[in-house]
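Report on the following structure.
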Amino acid sequence: MKVKLIKLAHARSGDKGDTANVGVIALKAEYYEILKKEVTAERVKAHFGEMVKGPVERFEMPNIGALNFLLHNALGGGGTTTLKHDAQGKTMSTALLRMEIEVPDELFAGKD
């Protein structure tokens, strides 16, 4: 079944110049393997579409059940030069949590 990423993770984002940094942290340890499989750099890039002009890099942090993404050329030049409303990329985490991913049907069977 498809579910929004927010059912399995929480996230936090910020900026480093023109690069948005988005950390995705599994809500439960057993969700981390699903995140690793489903939340790839390619899928994140596709999810953001034209908002991210450069490449997307993914870094795995299994010790804390997290993935970290660098979204290059995503902030219109960076905090002091951009005309974007979200100059520091703070809403990028919320936007990523709206991405739909495949999970085993039994993961949320009988739950709303």
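Sequential numbering from 1 along the given sequence is applied to the chain's residues.
Nearest heavy atoms, Ala9 versus Leu97: O-CD2, 3.7 Å. Smallest separation of non-hydrogen atoms from Phe69 and Val56: CD2-CG1, 4.0 Å. Contact detail for Ala74 and Val52: the closest heavy-atom pair is CB-CG2, 4.0 Å. Considering every non-hydrogen atom in both Leu107 and Tyr31, the closest pair reads CD1-CE2, 3.8 Å. In this structure, His72 and Thr19 approach most closely via the heavy-atom pair ND1-OG1, 3.3 Å. Across all non-hydrogen atoms, the minimal contact from Val39 to Leu67 is O-CD1, 3.9 Å.
In terms of modelled atom types and a separation under 3.5 Å, the side chain of Ser13 and the main chain of Ser93 share a donor-acceptor contact. The main-chain N or O of Glu60 is never found under 3.5 Å from a side-chain atom of Lys36 such that the two would form a donor-acceptor pair. Between the side chain of His47 and the backbone N or O of Ala95 there is at least one donor-acceptor pair closer than 3.5 Å. In this structure, Lys37 contributes its side chain and Val103 its backbone to no donor-acceptor pair below 3.5 Å. At least one donor-acceptor pair under 3.5 Å links the side chain of Arg43 to the backbone N or O of Glu38. In terms of modelled atom types and a separation under 3.5 Å, the side chain of Arg58 and the main chain of Val44 share no donor-acceptor contact.
Going from atom NZ of Lys4 over to atom CD1 of Ile101 covers 12.5 Å, rounded to the nearest 0.5 Å. Between the NZ atom of Lys28 and the CD1 atom of Ile34 there is a distance of 10.5 Å, given to the nearest 0.5 Å. Atom NZ of Lys45 sits about 8.5 Å away from atom NZ of Lys53, to the nearest 0.5 Å. The distance from the CG atom of Leu35 to the CG atom of Leu27 is 8.5 Å, given to the nearest 0.5 Å.
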Evaluate the side chain to side chain contact (heavy atoms under 4.5 Å, CB included) criterion for residues Val22 and Asn68: first the C-alpha distance (whole Å), next the side-chain angles of each, then the deciding distance (0.1 Å), finally the verdict. CA-CA 6 Å; Val22 183; Asn68 190 58; 5.9 Å; no

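By the rule that hydrophobic residues join a cluster once side-chain heavy atoms approach within less than 4.5 Å of another member, Phe59 and Leu5 end up as members of separate clusters. Under the 4.5 Å side-chain contact rule for hydrophobic residues, Ile25 and Met92 do not share a cluster. Residues Ile6 and Val24 share a single hydrophobic cluster, defined by chaining ILVMFWY side chains whose heavy atoms lie under 4.5 Å apart.
Contact of the Leu70 side chain with the Pro55 side chain is not registered, since no non-hydrogen atoms from C-beta on lie closer than 4.5 Å.
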